[in-house]
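Structure first, then comments.
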Amino acid sequence: MNKRVLTFFLFILIALSAKSQINLEKEYTGSVLFAYLEGNAYYSANFVNNQVLIYGLDYSLTKTISLTAPSNMFLYDVAFVSTHVFNDDELMELLVVYYNYEPTSDTGGYYYYTTQVVNESGTVLLDVVNGSYSDLVIYNNGSLKLLVNIYDFAVSLYVLNTEIYGLTGTISSSTPENSEISLKNPYPNPASNFVNIPYKLEKDLNAELILLDISGHEVNRSNLTSSSENLLLNTANLKPGQYIYYIEINGKRTLARKIVVK
């Protein structure tokens, strides 16, 4: 092989290698998640200032939504940031969870929660006292439902009941969902030494469950198989605080869920 041919092949190899590189495009402080917005967007929550920050696909800040927490409660979670999911107008809506901690006389205590659906103007569209964890579900007939789990941690660590709300909106087809993956609510939550994370895989898909702290740093990664429907996660060595987790497969992620370690 002459030098000219060899040089040509080396050029091709270098070009292919350059295309296969994974490049960091942007880094945010804290956790940033995908939003159900036409045209696609990302969002993050500022838990100190009760704000939701919306970013475009070019990573620029496009909107800041200020939230009003109920009296003596604090921002716990933000989910389903969307247009045309909870109703048909052009305003942005989101599901927000607030919490507080109630100490008891036995040196213990418990958390209590409230779930709201609000729009970007601050109007409350839904208020569920003791609502803590929620799911958006698309039924086989195409109808969209919001499932809100009702807890009362003063008497129990488990779900008391679930309220199902019919929605008139739709989910954008660009949302990164995978019908072969199902991720359910964790228990107990808050957790002390362990937490059970129910999930379901239709088949072995080389899936991983990724746990992040509230700053977005990865603290655990676990392989999942279709032969099991529950991951027992040891939380004894985790610092007290809030964590989020999701299942990832082939670059696609489920909606993130949250646990609290006490």
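Owing to the predicted nature of the structure, the values given are computational and were not obtained by experimental measurement.
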Take Thr114 and Val97 through the test side-chain contact (heavy atoms from CB on, under 4.5 Å) and record every step on the way to the result.
CA-CA 6 Å; Thr114 287; Val97 184; over 6 Å; no

I'd like to know whether Leu61 forms a side-chain contact (heavy atoms from CB on, under 4.5 Å) with Ile54, so could you lay out the CA-CA distance, the side-chain angles of the two residues, the decisive distance to 0.1 Å, and finally the verdict.
CA-CA 6 Å; Leu61 179 65; Ile54 309 298; 5.6 Å; no

Please test Leu136 against Leu167 for side-chain contact (heavy atoms from CB on, under 4.5 Å), starting from the C-alpha separation and ending with a verdict.
CA-CA 10 Å; Leu136 277 178; Leu167 305 179; 3.6 Å; yes

Tyr199 vs Ile247, test: side-chain contact (heavy atoms from CB on, under 4.5 Å). Steps then yes/no.
CA-CA 9 Å; Tyr199 69 91; Ile247 294 176; 3.9 Å; yes

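Under the 30°/60° scheme for interplanar angles, the aromatic rings of Tyr99 and Tyr113 are found to be tilted.
Put simply, the side chain of Thr235 gets close to the backbone of Ser192: a donor and an acceptor are under 3.5 Å apart. Thr115 places a side-chain N or O within 3.5 Å of a backbone atom of Gly131 that can act as its donor or acceptor partner. Not one N or O on the side chain of Ser227 forms a donor-acceptor pair closer than 3.5 Å with the backbone of Thr225.
The shortest non-hydrogen separation linking Gly56 to Tyr42 is O-CD1, 4.0 Å. The shortest non-hydrogen separation linking Phe47 to Gln242 is CE2-OE1, 4.4 Å. Here the shortest heavy-atom pairing between Leu212 and Tyr246 reads CD1-CE2, 3.8 Å. When all heavy atoms of Thr83 and Glu90 are compared, the closest pair comes out as CG2-O, 4.2 Å. Among all heavy-atom pairs drawn from Pro198 and Pro186, the shortest one is CD-CA, 4.1 Å. Between Met73 and Tyr98 the shortest heavy-atom distance is CE-O, 3.5 Å.
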In a table with atom names and distances, give each donor-acceptor pair under 3.5 Å that connects a side chain of residues 119-126 to protein atoms at least two apart or in another chain.
residue	atom	partner	partner atom	Å
Asn119	OD1	Ser121	N	3.0
Asn119	OD1	Gly122	N	3.1
Asn119	OD1	Thr123	N	3.0
Glu120	OE1	Lys63	NZ	3.1
Glu120	OE2	Met92	N	2.7

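Using a 4.5 Å cut-off between side-chain heavy atoms of Ile, Leu, Val, Met, Phe, Trp and Tyr, with links allowed through other members, Phe74 and Ile65 fall into the same hydrophobic cluster. Each of Leu91 and Tyr43 belongs to its own hydrophobic cluster when Ile, Leu, Val, Met, Phe, Trp and Tyr are linked at side-chain heavy-atom distances under 4.5 angstrom.
Side chains of Asn149 and Ser132: no donor on one and acceptor on the other come within 3.5 Å. Using modelled atom types and a 3.5 Å distance limit, the side chains of His84 and Glu93 yield no donor-acceptor pair. With hydrogens and angles left out, the side-chain atoms of Tyr165 and Glu163 include a donor and acceptor closer than 3.5 Å.
With contacts defined as side-chain heavy-atom distances shorter than 4.5 Å, the pair Lys200/Ser226 does not qualify. Inter-residue side-chain proximity for Leu94 and Leu67 is flagged as met; some heavy-atom pair is nearer than 4.5 Å. For the pair Val85 and Leu144, the minimum side-chain heavy-atom distance is below 4.5 Å. Ser134 has its side chain within reach of Leu146: a pair of non-hydrogen atoms, C-beta onward, lies under 4.5 Å apart. At a threshold of 4.5 Å between non-hydrogen side-chain atoms, the residues Pro240 and Lys262 do not count as touching. Between Gln116 and Val128 the shortest side-chain heavy-atom distance does not fall below 4.5 Å. Leu233 is listed as a side-chain neighbour of Leu211, based on a closest heavy-atom distance under 4.5 Å.
Only one option out of Asn161, Val148, Leu160, Ile150 pairs with Asn130 in a side-chain contact (heavy atoms from CB on, under 4.5 Å); it is Ile150.
Remark: Ile164 CD1 to Leu147 CG distance equals 4.5 Å, nearest 0.5 Å. Interatomic distance, OH of Tyr245 versus CG of Asn220, reported as 12.5 Å (0.5 Å rounding). Rounded to the nearest 0.5 angstrom, Tyr151 OH and Tyr111 OH are separated by 15.0 Å. Summarising the geometry, atom CG belonging to Asn72 is positioned 6.0 Å from atom OH belonging to Tyr112; distances are rounded to the nearest 0.5 Å. Once rounded to the nearest 0.5 Å, the distance linking CD1 of Ile197 with CG of Leu209 reads 5.0 Å. The CG atom of Leu231 lies 8.5 Å from the CG atom of Asn196; values are rounded to the nearest 0.5 Å.
A 6.0 Å sphere centred on CG of Asn230 holds more than 12 heavy atoms belonging to other residues, nucleotides or ligands.
Partners of Glu208 according to the salt bridge (Lys or Arg N to Asp or Glu O under 4.0 Å) rule, which considers only residues two or more places apart in sequence or in another chain, are Arg221.
In the hydrophobic clustering (ILVMFWY side chains linked at under 4.5 Å, chained through shared members), Leu232 is joined by Phe194.
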